[in-house]
Amino acid sequence: MEERYNAGPIEAKWQQSWAENRTFKVSEQGGKPKYYLLEMFPYPSGRIHMGHVRNYSIGDVVARFKRLQGYNVLHPMGWDAFGMPAENAAIQHRVHPAKWTHENIANMRSQLKKMGFSYDWDREFATCDVDYYKWEQLIFLRMYERGLAYKKSSTVNWCPACQTVLANEQVEDDCCWRCDSLVEAKELEQWFFKITDYAQELLDQTWNLPGWPEPVLTMQRNWLGRSTGCEIEFPLETADGHIRVFTTRQDTVFGATFMSLAPEHPLALELTTPERRGEVEEFIARVRREDKSRRGSEEMEKEGVFTGAYCRNPVTGGRMPVFLANFVLMEYGTGAVMAVPTHDQRDFEFARRYDLPLQVVIQPPGEPLDPARMTEAWTGPGQMVNSGEFDGLGNEEAKERIADYLQQRGLGKKSVNFRLRDWGVSRQRYWGTPIPVIYCERCGIVPVPEQDLPVVLPVDVEFTGEGGSPLAKSEAFLQTSCPTCGGSARRETDTFDTFVESSWYFARYACPDYTQGPIDRSRVEYWLPVDQYIGGVEHAVMHLLYARFFTKVLRDLGLVNLDEPFTNLLTQGMVCMETRSCPAHGWLFPEEVHDGKCRKCGAEATLGRIEKMSKSKKNVVDPDHLISRYGADTARLFSLFAAPPEKDLEWNEQGVEGCFRFLNRVWRAIYDNLALIGLAAPPETEGAARQLRRLTHRTIRKVTDDIDGRFHFNTAIAAVMELVNEIYSFEAKQSSPGAMREALEAVVRLLAPFVPHLAEELWCCLGHLDGLEAAGWPAWDPAALVEEEKTIVIQINGKMRGKVVVAADADDQTIERAALEEPNVARFLAGQTVRKVVIVPGRLVNVVVG
RNA sequence: GCCGAAGUGGUGGAAUGGUAGACACGUCGGUCUCAAAAACCGAUGGCUUCUGGCCGUGCCGGUUCGAGUCCGGCCUUCGGUACCA
C-alpha cells in the first residue's frame, strides 16, 4: 500500500476494471429483485457542468447502494440530443448540428466516464439516432389514428426581419434576439397532442403517487387546474345564436351586466357593428402585438373595446353590452367571460374604466354593499340578493341550486373545465424529429405509411437563421409523392418539440436494441416502472407531466402495461451561480472575466443576478479542473456534502479542499493501522473498545437511514467524518485491534457509494480480494448500540439551565429528583413555586415555575 | 401576476415540536521545521459584571410547558409559467 493517497492512478485502475468486466451491465436474469434507477438525461451542450455532476453523483450513490443491498440495478445513460442550441451553433459557427452534437456527446461521455458513474453503457443512445426517433414517428402515427394527434391553428413568435419563428427564449423585451426587430404574433397550422383527454386521469393519479414530493404534485394539480362550474348561454340581441361562457361563479349570474370576449374569439369581428369596426380591429391588432409576456398578468392595465353588439342575461333578461377585453384568454374556458363587476376584481376595474353598470348579488355580513361607493369587488361569501327565488340563500348553496336551475331550463349545464391546454408539438426547426406526414393537394393530410418510416432528417441543408426552417428549403426533402394517390406531394417540414423524445426514453432504455418496435414488452415489463427518478426541480411540471401523459398513451396503444412511469421522484435543487456580462460581448463565462473585467475588451463586467447555471447565461463551471486536481472521488464527495439534494446550491469552491483532506485522512487512518489490525481477532466488547463499537454501529445505522430514507447524503458523510475523527483520537487502539479493524472497515464500506474508486482500493488494501459488492452493505448490531447512561437536559420555563447524567433505565421520579437537585437548577428554583414538571423520557425535563 | 420553494454564525450547512449552530470551510493560536508547505492539536454566533447571565434562526403576530420547526400576515431571493432543456 502506498503511503499517500493518489487519486489519479487509483481511479484509472478501477474505471478500467469496471469497463473491461462490464461490471454494471445488467440483464433480466439473475434472480435478484430489480431496481430501475434513472437520472434525467443531459442535453449535450458540450461539457458537463456542476448540475450534472450533482445530479449524477446523487444517482450513483443510490445505484451503488441498491446494488450493495442485493438489487439487480438498471442504471442507464443517454442523450437528449435534439434541440435549439445545436442549430444556433450551426448558424453562428457553421458547424452542422449533427457534427456539433456528436462531438459534444463524445466529450461529455468521456467526462462522465472519468467521474466513475456506474452506468450500463451498452444501453446508451441519443435521441437524434434514427433508430430512436423512427419509433417516435411510429408512435405519432398510432396517435394520429386514434385522434390523439391533430392539427389546429395557433400563434407563434414571428420575426418579420429574419422571416423566422422564434422560441420564447429568443424574444427579449418583445424583440428578436438576433436583429432586435419587434416580434409579431403569427397564426400557423400546427400539430397538437390531445393531452386534455387525459387531464382527469393525470389529476386523479397525483393522489396515487406517494413516492413523489408533495410540492411537485401540487404544482401539477395547479397546472391541470380543474374547476367545476357551469357553461351558460347568453342569447345575442340582434342575431340568432348565443355566446357561451364558462364560469365557476354561476351564483353571481344575476349580477352579470356585460360580456367580455377574448380578442381572438371567433364572434369578435362577426358581432362588431360597422361603425365600431375600425376601433375594434385596431384593438385586436394591438393586443395581439403585446400579447406574449404580459397578458394575464394582474398589473397589466385592463383594457377593452365595445363591439356595438348586445346580448341578454338569460336569467334577468337584462341587456349586456359585448366588449372585447385584453385579459380574457381564448385558451381558457370558452374565451368568453360573463362580467360581474361587483364580485370579480378584473370585471370591477373594467366596469369603472368604461362606466358600466354594477349590480350587487351577494351581500357580505354587515354594512350593505353600495355599488356607487364600492372600491373593489366583493369576492368572499355572503347571502344572495337581487337574485329572484334565490334571495336569502348562502352563495355556496346557491351555486348548486342555480346550476340545477340553469340546467332544467336549458340555459346552461354543469361543466368541468381544465386550465391545461393541448400540447403543441410542432416546431419550425431543423434539428428535431421530422413529423411523418405528407400533404397532397388531392388527398389532404396523409400520414407516412408505416413501412416508409423512418422519415430521415436530410443532412445537406443550409443554416442562416433566416427565412424559416432549413427543412422547408430542402427541395430533396420537401418533394415527394402521395402514398395514397401517387400524385406529387410535399412533406411536413415541422419537427417535434424535444419534450416528445424525453417523454418515453425511460422505456427505451429497457430495450435500446429492439428492432421490431419502440418497445419490447417483456423487457419493459420487467424493468418498468422506474423505481427512482432523479432530476432538477425545473422539470417539476412540464417534462414530468408530458412523460406521465405519454406513458398513458403508450398503455392505451397497447405498448406497455403501466399507468405511471416513475414510482419515486427526487427533485434536486439547482446549482446556481452569479452571471456576468460585458456591454460589448454579452454574457461571459467565468474564465472570460479577470479582475472583474472582460478579457476580450477590458470593459468592466457587470455582476448579474445569481441564477441557475445554464449554457445560455454562461454562468457555468467546468468540473474538469476539479477532477484533474483532486480526482473524481473528491468532486463527487463535495457535490454531495455541500447541501442536501433538494436544496439549491450556490456554487463556490470553498470546501472542496476539505473533502480532499478528509479522503487523505481516511487513507492514512488505514495506512497507519494496517500492521495493528492485520491479524485482528473479532472486535473486543468491553471497556474503551465498547465505546468505539457503539459509534461504529451507530454510524452504520445513521448512514443507512440517511441514504435509504431521506437522501440526505451530507449528513451521512458528516457521520462518517465523525467516526474517522473518533478513530484518530481513540487512545486504546493497541488493546482493541479488533474494534479498530471493524471501525476502519465500516468507514470504507459506508463510503463505497460516495467515493467508489477509493473505497475499492482501500478494501483491497485491507486484504479483501473479492470486491466490495461481494461484501454487501453492512448491518448494524443492535447489541452494540445499547447505552448504560443518558444525558438529560434540564429546562426551567423552556430555557436550558443544566444537564444531568442518569442511568438509561431510570424512572421518571429518579430523573425528576436528579434534575431538581442539579446545583444550577436548584439556584434558579430557590424561592420559586414549581407549577408543573414535564418529562420527556430519555431527553429532557422542563420545570415550569412562576 | 399566477403556481411552487427557500431565508439559521464570516461561509456551506446540522437540528422526529425538546441542549440552535453537528460536520466542514475560513480565521486565529499552538506543535513539528533552519524556514515554508503538509500534517497534527486547540479556539471560534454576538454581548457580558464569565463555574454564570442576556440576546440570537428574514420581519410582525399567534398556538404550546417548550417554536428554526406548527398557524396567520408580510418582505426578499430562486424555479416554473405551455417554443430553453
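Here is the naming used below: chain letters follow the sequence lines, and residue numbers restart at 1 for every chain.
OP1 or OP2 of B:G53 sits under 4.0 Å from a side-chain N or O of A:N824. The shortest distance between the side-chain N/O atoms of A:R801 and the OP1/OP2 oxygens of B:C54 is below 4.0 Å. Listed pair A:R421 / B:A82 fails the phosphate criterion, with no side-chain N or O lying under 4.0 Å from OP1 or OP2. OP1 or OP2 of B:A24 has not a single side-chain nitrogen or oxygen of A:N714 nearer than 4.0 Å. For A:R665 and B:C40, the shortest distance from a side-chain N or O to OP1 or OP2 is below 4.0 Å. The side chain of A:T218 contributes no N or O atom lying less than 4.0 Å from OP1 or OP2 of B:G4. Between A:K803 and the phosphate of B:G18, there is no side-chain N or O to OP1/OP2 separation shorter than 4.0 Å. Within the 4.0 Å cut-off from OP1 or OP2 of B:G4, at least one side-chain nitrogen or oxygen of A:N222 is found. Between A:R419 and the phosphate of B:U81, there is no side-chain N or O to OP1/OP2 separation shorter than 4.0 Å. Using a 4.0 Å cut-off, some side-chain N or O of A:R661 falls inside it from OP1 or OP2 of B:G26.
Checked by distance alone, A:Q190 brings a side-chain donor or acceptor within 3.5 Å of a matching partner on the base of B:C83. Looking at A:Q428, its side chain comes within 3.5 Å of the base of B:C83 through a donor and an acceptor atom.
The same atom, C1', is picked in B:C23 and in B:U44; the two are 15 Å apart, to the nearest Å.
Here the two rings, on A:Y671 and A:Y5, have centers that are 6.0 Å apart or farther. Taking the six-membered ring where the residue is Trp, the centroids of A:Y533 and A:W212 are separated by 6.0 Å or more.
Across all strands shown, A:G424 has heavy atoms under 4.0 Å from sugar-phosphate atoms exclusively, and none from any base. A:N664 comes within contact range of no nucleotide atom at all, as no heavy-atom separation falls under 4.0 Å. Using a 4.0 Å heavy-atom distance criterion, A:F499 is classed as a base contact. Within 4.0 Å (heavy atoms only), A:F828 reaches sugar-phosphate atoms of the nucleic acid but no base atom. If you check every strand for non-hydrogen atoms under 4.0 Å, A:E646 touches nothing. A:A642 comes within 4.0 angstrom of sugar-phosphate atoms only, judged by non-hydrogen atoms across all strands, and of no base. Contacts of A:P644 with the nucleic acid, taken as non-hydrogen atoms under 4.0 Å apart, involve only primed sugar atoms and P, OP1 or OP2.
A cation-pi contact links A:R419 to A:W223, judged by a cut-off of 6.0 Å to the six-membered ring centre and 45° from its axis. Seen from the ring of A:Y728, A:R665 counts as a face-on cation partner, given the 6.0 Å and 45° thresholds.
Ring geometry for A:F499 against A:H543 counts as parallel: the plane angle stays under 30°, on a 0 to 90° scale with 60° as the upper cut.
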